[in-house]
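Let me begin by presenting the structure, written as structure tokens, before commenting on it.
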Amino acid sequence: CLLTFSDEMKATRTKTICFVLNRILVTRPYLLPVLVLFGFISNYVVFKYFVTCCTALSTHKDSAQNDFLAATMPRTKKLLLPNLKASSLNETLNYNMSASGVYYPRPRRNYSELLDCGCPYSCSDVELDSTQPLMKQSCRQAAHCKMYEKSRMHGWYGYMGEEMACHKSPECSDKCNFMTCKKPTLKDVKFEPPTSFIRNEGVVIASKIMGWPAEIDTVKQMLCLLTSAYNERMNYDIVVFSTLDQDNKTIREIQSIVEPAKFTLVHENVTVGGLIDSMTPARRKFFLDNCIENHTHQFTWNSGCPNIGSIRYNWQAEFRSLHIWTQPELAPYKYMLWIDSDSFQTMRWDKDPVDFVIRNDLVLAALNLQGKGGGAGLQAKIKDYFGHHLCSVIVDQNSSIYAKIDVEGCGGNRFDIVHGFFHIENLDFFRSNMKWMTKFIGEDRLSRNPDDQEAVTTAALLLAPGRTRDLHFSGIKLNMMHNGLIDGKRQITPAQYLKWWQYFSERDFPNGREKCSKYIVAGGR
């Protein structure tokens with residue numbers, strides 16, 4: 001069999017099949033008709049390999065050849081021919097066959113490494129999850145990859161091999177097979193990889209809260225964890241916007257957590273009545289007609305309205321879509337790392353996403369795409385402003401997020417949007433495009449539709465094509481837990497941060513556990 005396949009032995013799979021079939025024929029020759037029938041039914045190519053292999057093994061019975069065949073298949077030691085000696089096998093296993101230009105035995109796979117069975121992407125968690133938007137784009141992985149990943153993570157050794165998992169992904173065919181595709185490396189992609197942690201000027205970390213006591217505790221937890229994971233090395237300034245005013249004691253407590261970084265808490269100084277009074281007459285009438293209360297002085301931040309939703313939640317969406325770009329507290333900065341107050345770290349960052357954004361002159365970078373933005377209302381605004389629709393959002397093999405546009409045919413389309421819990425923006429870019437941000441909100445004041453995630457996505461993709469990246473596929477995985485998901489992509493167990501902290505923080509995040517244990521109060525879901 002080895003002599004027959006002189007062109008690098010075809011593949012390890014072929015040699016394994018040959019050896020196993022040979023052992024079966026030696027010990028149970030009565031199975032030959034069954035194997036022949038199987039060869040005809042399954043695949044003519046496999047049958048051809050089978051016939052060739054049987055012929056080769058029947059004419060070349062030299063023990064040295066059998067030793068060499070066994071050496072290429074360390075997982076089949078129990079099936080070795082009886083005349084093989086252990087010493088001969090060990091010598092063969094240790095022999096570097098590449099020196100003779102024939103074959104180097106493939107080492108036992110390290111199952112602790114990330115599964116990589118796809119082109120142009122590695123088979124990471126987002127491809128493995130059929131519910132994620134990226135499964136619909138480019139070369140996606142079928143459920144077989146997910147099955148293989150489960151077998152790897154849970155120790156089901158040999159449940160499904162990597163090659164078979166990729167081979168059974170029919171939508172990718174050979175492009176998804178790790179034995180035939182050309183995987184991109186950092187040298188192939190068109191962006192600079194992240195480097196060591198270098199402090200850049202003009203960077204700020206920002207977040208927003210309503211300002212209730214429970215949220216103050218949550219933001220203390222978030223900032224302590226973020227400091228331990230990242231900012232204790234960078235000391236970037238931190239700005240937190242609060243709808244409700246806070247006392248000096250609260251501000252000093254938070255400052256002590258993030259020291260020596262500078263902390264600023266900004267009171268937004270807005271009221272529900274003031275926001276309603278600032279609406280256009282048409283929007284105000286629509287708003288009041290759809291709310292239970294019919295006088296502006298009766299509204300509170302806890303109010304909710306049919307067809308409109310929660311007022312406090314809608315205000316944060318409007319603030320992050322439009323008002324944040326002109327806040328004087330952010331004027332000294334060029335780049336903003338935005339993080340939601342309920343986004344919690346699970347380990348120390350090993351790569352710097354801010355430096356990656358700056359080195360590659362990006363306007364937006366996010367950990368995840370999620371949900372569906374757009375719809376007829378937003379598409380009408382896009383068509384009116386840009387002259388075309390935004391049909392879909394795609395991630396290419398270089399981790400670039402870009403928009404597919406068309407003048408006609410997708411006026412009602414919905415598209416993927418950046419996940420709002422964590423992203424990094426070029427503030428100068430968004431400040432210079434306030435005309436679109438204003439158009440984006442339009443008459444839809446205090447509305448969840450459209451929202452801030454759609455705002456940053458449409459601005460970056462339509463006004464600066466090629467300058468938006470998916471951090472996860474750029475090799476930057478921060479392992480941040482938000483709503484039970486890691487980086488917005490992967491479900492972990494336990495999904496509640498409090499339980500995770502109890503069982504795994506000492507192992508995975510020791511410096512965070514040392515500094516932040518007394519602040520861990522949130523993350524029960």
Side-chain angles (χ1 to χ4, degrees), residues 121 125-127 129-141 171 286 290 306-310 313-314 316-318 320-322 340 363-396 399-423 425 430 433 436-473 482-483 485 487-489:
Y121 306 108
D125 301 296
V126 67
E127 287 97 357
D129 187 352
S130 61
T131 66
Q132 290 288 342
L134 195 58
M135 282 288 290
K136 303 179 181 66
Q137 312 298 345
S138 190
C139 180
R140 67 180 183 175
Q141 309 298 331
E171 299 182 16
F286 174 84
N290 282 273
N307 304 318
I308 292 178
S310 167
Y313 202 83
N314 293 354
Q316 67 85 23
E318 180 181 324
R320 290 168 57 178
S321 299
L322 178 62
D340 281 359
V363 299
L364 176 64
L367 275 175
N368 187 39
L369 292 177
Q370 68 135 15
K372 288 294 182 180
L378 180 55
Q379 290 286 5
K381 294 180 181 179
I382 294 173
K383 177 65 180 298
D384 184 54
Y385 190 87
F386 295 100
H388 53 71
H389 297 117
L390 198 168
C391 300
S392 60
V393 173
I394 308 293
V395 182
D396 69 11
S399 80
S400 177
I401 305 173
Y402 65 94
K404 294 185 68 175
I405 60 176
D406 192 6
V407 176
E408 302 294 342
C410 56
N413 278 27
R414 303 188 68 83
F415 48 83
D416 300 331
I417 53 179
V418 299
H419 204 161
F421 76 98
F422 181 90
H423 42 73
E425 290 117 336
F430 286 93
N433 288 287
W436 164 243
M437 310 311 289
T438 304
K439 172 75 173 181
F440 175 85
I441 294 295
E443 288 287 319
D444 298 316
R445 298 288 306 280
L446 286 185
S447 173
R448 180 60 174 165
N449 186 22
D451 76 352
D452 54 292
Q453 298 171 117
E454 294 171 315
V456 295
T457 302
T458 54
L461 299 187
L462 297 177
L463 295 169
R467 296 177 66 188
T468 301
R469 292 287 190 274
D470 184 305
L471 292 171
H472 196 82
F473 290 111
H482 175 74
N483 290 345
L485 297 176
D487 290 347
K489 302 177 183 292

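Legend: residues meeting salt bridge (charged side-chain N to carboxylate O under 4.0 Å, His left out) with Arg445, ordered by chain and number and at least two apart, are Glu318. For Phe422, the side chain to side chain contact (heavy atoms under 4.5 Å, CB included) partners at least two apart in sequence or on another chain are Leu337, Ile339, Trp349, Pro353, Leu367, Ile424, Leu471, Leu478, Met480. Residues passing the side chain to side chain donor-acceptor pair (under 3.5 Å) test with His423 are Glu425, sequence neighbours excluded. Under the ring pair (Phe, Tyr, Trp, His ring centres under 6.0 Å) criterion, Phe421 pairs with His419, His482, not counting sequence neighbours. Annotation: side chain to side chain donor-acceptor pair (under 3.5 Å) contacts of Arg414 (sequence neighbours excluded): none. Legend: residues meeting side chain to side chain donor-acceptor pair (under 3.5 Å) with Asn314, ordered by chain and number and at least two apart, are absent. Take Cys410 and apply the side chain to side chain contact (heavy atoms under 4.5 Å, CB included) test, not counting sequence neighbours, and it matches His389, Cys391, Asp406, Asn413. Partners of Tyr313 under the side chain to side chain donor-acceptor pair (under 3.5 Å) rule, at least two apart in sequence or in another chain, are Arg448. In this structure Phe386 satisfies the side chain to side chain contact (heavy atoms under 4.5 Å, CB included) test together with Ile382, His388, Trp436, Leu462, Leu463, sequence neighbours excluded.
For the pair Asp444 (side chain) and Ser447 (backbone), a donor-acceptor distance under 3.5 Å is absent. At least one donor-acceptor pair under 3.5 Å links the side chain of Asp470 to the backbone N or O of His472. Between the Ser399 side chain and the Arg469 main chain, no donor and acceptor come within less than 3.5 Å of each other. No donor-acceptor pair closer than 3.5 Å links the side chain of Asp452 to the backbone N or O of Arg320.
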Notebook entry, point to check: Checking side-chain contact (heavy atoms from CB on, under 4.5 Å) for the pair Lys372/Asp416: CA distance, chi angles, key distance, verdict?
Noted result: CA-CA 5 Å; Lys372 288 294 182 180; Asp416 300 331; 3.0 Å; yes
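Contact between Asp451 and Ser321 at its shortest, heavy atoms only, is C-OG, 3.4 Å. Shown here for Ser400 and Gly466, the closest heavy-atom pair between the two residues is OG-CA, 4.2 Å. In plain terms, the two heavy atoms of Val456 and Phe430 that are nearest each other are CA-CE2, 3.9 Å.
Taking the side chain as every heavy atom from C-beta outward, Phe415 and Lys404 never approach each other to under 4.5 Å. Using a 4.5 Å heavy-atom threshold, the side chains of Ile401 and Leu461 count as touching.
Screening residues 382-395 for salt bridge (charged side-chain N to carboxylate O under 4.0 Å, His left out) gives Lys383-Glu408, Asp384-Lys439 as the qualifying pairs, with residues at least two apart or on separate chains.
Interatomic distance, Thr458 OG1 to Ile417 CD1, rounded to the nearest 0.5 Å: 10.0 Å. Between the CG atom of Leu390 and the CD atom of Glu454 there is a distance of 10.5 Å, given to the nearest 0.5 Å.
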